[in-house]
Amino acid sequence: MTATHYTPATSRPATRWLLLGSLALNLFFIGIAIAMAVRPPPPGRMWDRDIFVRTERLAERLPKEDGAILIAQMNANRDAIERTQKQYRAGQEAIRESFGKEPFDANAMRAAMSDTRAARQAFDVAVQAAFANAAMQMSQAGRVALADARPSQRGSTEKNR
């Protein structure tokens, strides 16, 4: 008996297609792995807790003059906005602290939540007053850009400049 007796004379067509399919599948997965490795990192977080930072980012997406008006109005009301923002953040922190206290005091938690709601409303009033005053001075294009602005739309209003 020689080695020629153990080698098949012809390979089956199904085996060739199976080998070709396996090779194609492996190349597909290798391509995905390479694409995942070289893709750019996701954009950084756009949302910031500070209302002034968010407003500056928003103003960058408005026409220049309108963005300056918005920033000027926020600066004109800065003291009231900062004060209410700090009260609101302090209220949020008081709620967090009430959850961790032992023994748990539900009434203290409810009081902290009530205070936080009132602080949030005062904060909203201060910010919305600044935006309303700015909107009265803005151009129509600026108001439309302001209405269309969304946190996820980075630079979408660039064409309005």
Side-chain angles (χ1 to χ4, degrees), residues 22-161:
S22 174
L23 180 63
L25 193 60
N26 284 328
L27 289 175
F28 173 74
F29 286 125
I30 289 170
I32 288 176
I34 290 172
M36 297 294 284
V38 297
R39 74 179 180 165
R45 186 177 174 192
M46 289 294 296
W47 194 84
D48 193 291
R49 290 188 78 181
D50 187 2
I51 187 68
F52 296 103
V53 172
R54 291 194 315 258
T55 302
E56 287 175 9
R57 289 180 182 160
L58 177 62
E60 292 172 358
R61 298 188 301 180
L62 300 176
K64 277 188 176 182
E65 299 82 25
D66 295 324
I69 290 170
L70 181 60
I71 295 296
Q73 281 299 320
M74 289 296 284
N75 286 334
N77 297 301
R78 181 174 281 274
D79 292 338
I81 294 170
E82 279 182 341
R83 185 184 68 250
T84 56
Q85 182 173 246
K86 284 179 184 174
Q87 290 170 347
Y88 176 55
R89 301 288 179 234
Q92 288 178 318
E93 191 59 37
I95 291 173
R96 284 187 199 97
E97 288 175 8
S98 71
F99 282 122
K101 286 188 176 177
E102 188 62 33
F104 178 70
D105 185 2
N107 290 329
M109 181 191 67
R110 287 187 185 104
M113 288 179 166
S114 178
D115 292 345
T116 304
R117 273 193 305 274
R120 172 63 194 223
Q121 188 169 8
F123 174 64
D124 285 346
V125 167
V127 171
Q128 290 170 1
F131 271 72
N133 290 337
M136 288 190 300
Q137 301 171 23
M138 287 182 175
S139 67
Q140 176 66 22
R143 287 191 301 271
V144 169
L146 187 62
D148 292 340
R150 302 282 187 275
S152 61
Q153 295 175 330
R154 188 178 217 179
S156 64
T157 58
E158 291 288 327
K159 62 185 177 191
N160 295 333
R161 289 187 178 215

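Numbers for residues simply follow the sequence, beginning at 1. Just the heavy atoms: all of them, side chains too, but no hydrogens, waters or symmetry mates, feed the values below.
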*Taking atom CD1 of Ile71 and atom CZ of Phe52, what is their separation to the nearest 0.5 Å?*
9.5 Å
_salt bridge (charged side-chain N to carboxylate O under 4.0 Å, His left out): pairs with one or both residues in residues 82-91, sequence neighbours excluded_ = Arg78-Glu82
_Quick check: closest heavy atoms across Ala149 and Leu58, and the distance to 0.1 Å?_
CB-CD1, 3.3 Å
*Take Arg54 and Asp50 through the test salt bridge (Lys or Arg N to Asp or Glu O under 4.0 Å) and record every step on the way to the result.*
CA-CA 7 Å; Arg54 291 194 315 258; Asp50 187 2; over 6 Å; no
_Point-to-point distance, once rounded to the nearest 0.5 Å, from CD1 of Ile95 to CZ of Phe99_ = 7.0 Å
_Test item: Gln85 and Val127 side chains (from C-beta on) under 4.5 Å apart, heavy atoms_ = no
*Using modelled atom types only, decide if a donor and an acceptor are shared between the side chain of Thr55 and the backbone of Ile51 within a distance under 3.5 Å.*
yes
*Hey, are the side chains of Gln73 and Phe131 touching, using non-hydrogen atoms and a 4.5 Å cut-off?*
no
*Is the count of non-hydrogen atoms from other residues, nucleotides or ligands lying under 6.0 Å from Phe28 atom CZ greater than 12?*
no
*Would you give the length of the straight line joining atom CG of Leu27 to atom CG of Leu23, rounded to the nearest 0.5 angstrom?*
4.5 Å
*More than 12 non-hydrogen atoms from neighbouring residues, nucleotides or ligands closer than 6.0 Å to CZ on Arg39, yes or no?*
no
*asked:* Are the side chains of Lys101 and Asp105 in contact, using a 4.5 Å heavy-atom criterion?
replied: no
*Can you name the closest pair of heavy atoms from Gly142 and Leu62 and give their distance?*
O-CD2, 3.7 Å
*Enumerate the residue pairs fulfilling side chain to side chain donor-acceptor pair (under 3.5 Å) with a member in residues 126-139, sequence neighbours excluded, ordered by first and then second residue.*
Asp66-Ser139
*Taking the side chain as C-beta and beyond, is there a heavy-atom pair between Gln87 and Arg120 under 4.5 Å?*
no
*When rounded to the nearest 0.5 angstrom, what distance separates CD1 in Ile69 from CE in Met74?*
14.5 Å
_Partner residues of Arg117 under the salt bridge (Lys or Arg N to Asp or Glu O under 4.0 Å) criterion, sequence neighbours left out_ = none
*About how many Å separate OG1 of Thr84 and CG of Asp79, when rounded to the nearest 0.5 Å?*
10.5 Å
*What heavy-atom pair brings Pro63 and Ala145 nearest, and what distance separates the two atoms?*
CD-CB, 4.2 Å
*Rounded distance (nearest 0.5 Å) linking atom CE of Met109 with atom OG of Ser114*: 12.0 Å
